[in-house]
Amino acid sequence: MTSAVAIIANRAGIDSQALICEAATRWRKAGARVVGLLAEDSDGEGTCSAAFLRDIATGNRFSIQLDAAPAGTSCHLDATGLNRACAELLPRITSADLIVLSKFGKIEATGRGLSAAFSRAIAAGKPLLTTVSAKHAAAWSAFAPDAVWLAPDTESLDRWWLAAKKQPPQ
């Protein structure tokens, strides 16, 4: 039996957001009810790798980047945008076949940001696909110790999804 929760390690040279976006699009076209949030950049402007979250099902776009970092930090992440995106997604998780979330990062490691969506998907026993960087791998492993790490390629994602969708909810 495979884990219902899978992650791809964010690494240099791999566009993990594009990979999971392509997979989610393919699975939706095949009839799966896929919901979630994917990161999008700001067309080269800004300091963070992602400036927006896009809702997979509705297409709604949420700004997650502040114009200026708060005093005492260099992080431009806008927690308000993350919270709005998460709040809109939460009601659809229990009726979905699969949840795809852009990443588990520093804000989720503190129980904020998209952490409520991660928790609801896991509690509902829903297949969940996300990414995580090496610096947050320990926090992720503490959060979801039974998750499976996938190679960053289409075949690995498809094999996982095929196995995960055949499992009864946990």
Subject >> Qualifying residues under side-chain contact (heavy atoms from CB on, under 4.5 Å), relative to A24, sequence neighbours excluded >> reply: V34, I56, V100

**OP:** Keeping to residues at least two apart or across chains, list the salt bridge (Lys or Arg N to Asp or Glu O under 4.0 Å) pairs with something in residues 23-38.
**Re:** R26-D158, R33-D97

Subject >> Residue pair G125 / A4: nearest heavy atoms and the distance that separates them >> reply: O-CB, 4.4 Å

Subject >> Distance (rounded to the nearest 0.5 Å) between L150 CG and L129 CG >> reply: 6.5 Å

Subject >> Residue pairs fulfilling ring-ring contact (aromatic ring centres under 6.0 Å, His included) with at least one residue in residues 8-27, sequence neighbours excluded >> reply: W27-W161

Original post:
Do N83 and T80 have side-chain atoms, one donor and one acceptor, less than 3.5 Å apart?
Top reply: no

Subject >> Pairs involving residues 9-25, ordered by first then second residue, that meet salt bridge (Lys or Arg N to Asp or Glu O under 4.0 Å) (sequence neighbours left out) >> reply: none

**OP:** Output yes when a side-chain donor or acceptor of Q17 lies under 3.5 Å from a complementary backbone atom of E40, and no otherwise.
**Re:** no

Original post:
Distance-only, no hydrogens or angles: does the E108 side chain make a donor-acceptor pair with backbone N or O of S115 under 3.5 Å?
Top reply: no

**OP:** State whether F62 and R84 meet the cation-pi test: NZ (Lys) or CZ (Arg) under 6.0 Å from the six-membered ring centroid, and within 45° of the perpendicular axis.
**Re:** no

Original post:
Charged N to carboxylate O below 4.0 Å: is that the case for D55 and R92?
Top reply: yes

Subject >> From NZ (K126) to CG (L98), nearest 0.5 Å >> reply: 10.0 Å

Subject >> Any side-chain heavy-atom pair of L114 and L89 under 4.5 Å >> reply: no

**OP:** Mind listing the closest non-hydrogen atom pair of W160 and S3 along with its distance?
**Re:** NE1-O, 2.9 Å

Original post:
CG of L53 to NZ of K103: how many Å apart, nearest 0.5 Å?
Top reply: 9.5 Å

Subject >> Heavy-atom pair of closest approach, residues I122 and A144 >> reply: CD1-CB, 4.2 Å

Subject >> CD1 on I20 to CD1 on I7, rounded to 0.5 Å >> reply: 11.5 Å

**OP:** Kindly give the heavy-atom pair with the smallest separation between P152 and I8, and that separation in Å.
**Re:** CB-CG2, 3.8 Å

**OP:** Verify, without hydrogens or angle tests, whether R54 (side chain) and L38 (backbone) share a donor-acceptor contact under 3.5 angstrom.
**Re:** no

**OP:** Working to the nearest 0.5 Å, report the span between CZ of F118 and CD1 of I99.
**Re:** 11.0 Å

Original post:
Do you know which two heavy atoms are closest between A39 and S102, and how far apart they sit?
Top reply: N-CB, 3.6 Å

Subject >> Any residue meeting ring pair (Phe, Tyr, Trp, His ring centres under 6.0 Å) with F143, in chain and number order, not counting sequence neighbours >> reply: F104, W140

Subject >> Shortest non-hydrogen contact between A96 and V35, atoms and distance >> reply: CB-CG2, 3.5 Å

**OP:** Not counting sequence neighbours, list each pair that qualifies as a side chain to side chain donor-acceptor pair (under 3.5 Å) and has a residue in residues 127-137.
**Re:** N10-T131

Subject >> Side chains of I107 and L82 in contact at under 4.5 Å (non-hydrogen atoms) >> reply: yes

Original post:
Out of curiosity, I14 CD1 to L19 CG, how far, rounded to the nearest 0.5 Å?
Top reply: 8.5 Å

